[in-house]
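Side chains are part of it too, since the values below use all heavy atoms of this structure and drop only hydrogens, waters and symmetry mates.
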Amino acid sequence: MPVTPHKAQRPYRGVFPVAPTIFDERGELDLEGQRRCIDFMIDAGSNGICILANFSEQFVLTDAERETVMHAVLEHVAGRVPVIVTTTHFSSAVCAARSKQAEAAGAAMVMVMPPYHGATFRVPEKGIVEFFKVLSGAINIPVMIQDAPVAGTPLSVELLARLAREFSNIRYFKIEVPGAASKLRSLIEAGGKDIEGPWDGEEAITLLADLDAGATGAMTGGGYPDGIRQIIDPYFAGKREEAKAAYERWLPLINYENRQCGLIACKAMMQAGGVIKSDAVRHPLQPLHPATRAGLLELAKERDALALRWGK
């Protein structure tokens, strides 16, 4: 059943981590574990949550499973925090339909990558503009464009600023390409008031530089929103040195997630802390090597990450 969309005041700011999709040991959806995961993420200080993103293993879900997860999460959150639903698809029509469904279910925003498929199958800039025109016209909630290397589609600052200028609900931009801080700074300069949410991504590996460039949000992994809040909160309060110290304290864990573990990190932390029963990922993805997992948990324990004690 539809739920009331979150009414948090825009612009949305702060930590909006990506929630993992929770599976049992057989690889089936674990909706009870999914709900516990969401409760932990809210308790850990998430200002909002993103679901069905790449770090949610959206690429291993059937369309029916996507709908199941989306409704389960939105109904369970019940307006406690804004929820961003990733609706990426190569087809303009399918992306628009997914986005309309997300809006009707109570999503606060949708996140979308430009259309891509495989290593080289892309559309030209004209097609990208038309794609976002179809999407923008289908919904009323904000659209976040995800500018990520996985798409392999160059999105120039000029193109992103144009999309914000021409389509009134394209207002948020998750920048996680090399040189993210420089691109964020240029985008803010080029887009002005049309850039409502310039955001950081890629597990916050460049968070401090991105905040210095003007980022107002961070979309990270879901394992330690409490740690990211320790960086962002003082920064927004004008206490940059405190934020810098917190960033230096959490950076080894951020780096380990980004470079060693990827999307499995948050599940491993949640499973170790009793948030979820299984940290399984869907085949052909592979589990963490025991030594890699031990290294992750050691760093998390040293920083007293809430995930390791929330469920105990």
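Considering only heavy atoms from C-beta on, Val112 comes within 4.5 Å of Cys95 through its side chain. When side chains are defined from C-beta on, Ser92 does not count as touching Glu130, because their heavy atoms never get closer than 4.5 Å. The side-chain heavy atoms of Thr86 and Cys50, taken from C-beta on, include a pair separated by under 4.5 Å. Side-chain atoms of Met219 and Gln146, non-hydrogen and from C-beta on, never get closer than 4.5 Å to each other. Side-chain contact between Thr220 and Ile254 is absent, with no heavy atoms from C-beta onward closer than 4.5 Å. Between Leu263 and Val281 the shortest side-chain heavy-atom distance falls below 4.5 Å. Looking at heavy atoms from C-beta onward, Val85 lies out of side-chain contact with Arg98 at the 4.5 angstrom threshold. Residues Leu211 and Arg240 are not in side-chain contact: their nearest non-hydrogen atoms beyond the backbone lie 4.5 Å or more apart.
Taken together through direct or relayed side-chain contacts under 4.5 Å among Ile, Leu, Val, Met, Phe, Trp and Tyr, Met109 and Leu163 form parts of separate hydrophobic clusters. Residues Ile188 and Ile170 do not share a hydrophobic cluster, defined by chaining ILVMFWY side chains whose heavy atoms lie under 4.5 Å apart. Note: the hydrophobic cluster containing Met113 does not contain Val143 (ILVMFWY, side chain heavy atoms under 4.5 Å, direct or indirect links). Put simply, Met111 and Ile175 are part of two different groups of oily side chains (I, L, V, M, F, W, Y) that touch within less than 4.5 Å, one to the next. Leu52 and Leu29 fall within the same hydrophobic cluster, where Ile, Leu, Val, Met, Phe, Trp and Tyr residues are linked whenever their side-chain heavy atoms come under 4.5 Å apart, directly or through other members.
Legend: ring pair (Phe, Tyr, Trp, His ring centres under 6.0 Å) pairs involving residues 190-244, not counting sequence neighbours, sorted by first then second residue: Phe16-Trp199, Tyr172-Trp199, Tyr224-Trp250.
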message = Apply side-chain contact (heavy atoms from CB on, under 4.5 Å) to residues Phe40 and Leu306 and explain how you reach the verdict.
response = CA-CA 9 Å; Phe40 154 72; Leu306 179 62; 4.0 Å; yes
ask   = Is there a side-chain contact (heavy atoms from CB on, under 4.5 Å) between Arg35 and Leu31 once you walk through the steps?
value = CA-CA 6 Å; Arg35 296 182 185 100; Leu31 295 181; 3.7 Å; yes
message = Using the rule given for side-chain contact (heavy atoms from CB on, under 4.5 Å), can you reason through Glu166 versus Phe132, listing the C-alpha separation, both sets of side-chain angles and the distance that settles it, and then say yes or no?
response = CA-CA 10 Å; Glu166 293 187 7; Phe132 282 107; over 6 Å; no
request  = Could you walk me through whether Arg293 and Asp279 pass the salt bridge (charged side-chain N to carboxylate O under 4.0 Å, His left out) test, one step at a time?
outcome  = CA-CA 11 Å; Arg293 178 187 174 91; Asp279 62 357; 2.4 Å; yes
query = So Phe173 and Asp147, side-chain contact (heavy atoms from CB on, under 4.5 Å) or not? Walk me through it.
reply = CA-CA 7 Å; Phe173 300 85; Asp147 184 13; over 6 Å; no
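In summary, the side chains of Asp24 and Ser278 do not present any donor paired with an acceptor at a separation below 3.5 Å, with no hydrogens or angles considered. Side-chain polar atoms of Asp30 and Gln34 form no donor-acceptor pair below 3.5 angstrom. Between the side chains of Asn258 and Glu203, at least one donor N or O lies within less than 3.5 Å of an accepting N or O. Defined by atom type and a distance below 3.5 Å, a donor-acceptor pair is missing between the side-chain atoms of Thr292 and Gln260. Of the N and O atoms on the side chains of Ser99 and Thr87, at least one donor lies less than 3.5 Å from an acceptor on the other residue.
Rounding to the nearest 0.5 Å gives a distance of 11.0 Å between CD1 of Ile264 and CD of Glu257. One finds the CG atom of Asp226 at 8.0 Å from the CG atom of Asp304 (value rounded to the nearest 0.5 Å). Within the model, atoms CD of Glu176 and OG1 of Thr206 stand 9.0 Å from one another, a figure rounded to the nearest 0.5 Å. Here Leu187 contributes atom CG and Leu160 contributes atom CG; the two are 5.5 Å apart, rounded to the nearest 0.5 Å. Atoms CD1 and CG, on Ile205 and Leu251 in that order, are 5.5 Å from each other to the nearest 0.5 Å. If you take NZ on Lys174 and CD on Glu202, they are separated by 9.5 Å, rounding to the nearest 0.5 Å.
Remark: of the listed residues Arg282, Lys267, Arg66, Lys267 is the sole one forming a salt bridge (charged side-chain N to carboxylate O under 4.0 Å, His left out) with Glu57.
The backbone N or O of Val77 sits less than 3.5 Å from a side-chain atom of Arg80, completing a donor-acceptor pair. A donor-acceptor contact shorter than 3.5 Å is absent between the side chain of Glu103 and the backbone of Lys100. Side-chain atoms of Arg122 come within 3.5 Å of backbone atoms of Gly152 as a donor-acceptor pair (strictly under, hydrogens ignored). Formation of a donor-acceptor pair under 3.5 Å by the His289 side chain with backbone atoms of Ala291 is found in this model. Using modelled atom types, one side-chain atom of Asp210 and one backbone atom of Ala181 make a donor-acceptor pair closer than 3.5 Å. At least one donor-acceptor pair closer than 3.5 Å links the side chain of Arg36 to the backbone N or O of Gly274. Remark: the backbone N or O of Met41 is paired with a side-chain donor or acceptor of Ser46 at under 3.5 angstrom.
Nearest heavy-atom pair across Ile141 and Ala108 is CB-O, 3.7 Å. Of all heavy-atom pairs spanning Thr153 and Tyr116, the tightest one is OG1-CB, 4.0 Å. Between Leu297 and Met269, the shortest heavy-atom distance links the atoms CD2-CA, 4.1 Å. A pairwise comparison of heavy atoms in Pro114 and Ala151 identifies CG-CB, 4.2 Å as the closest pair. The heavy-atom pair separating Phe55 from Gly221 by the smallest distance is CD2-CA, 4.4 Å. The two residues Pro252 and Arg303 have their closest heavy-atom pair at CG-NH2, 3.4 Å.
Salt bridge status for Glu248 with Lys244: present, with a side-chain N to carboxylate O gap under 4.0 Å.
Qualifying side-chain contact (heavy atoms from CB on, under 4.5 Å) partners for Arg229, counting only residues two or more places apart in sequence or in other chains: Val15, Asn47, Asp233. Under the rule for a side-chain contact (heavy atoms from CB on, under 4.5 Å), the partners of Phe90 that lie at least two apart in sequence or sit in another chain are Pro115, His117, Phe121, Val123.
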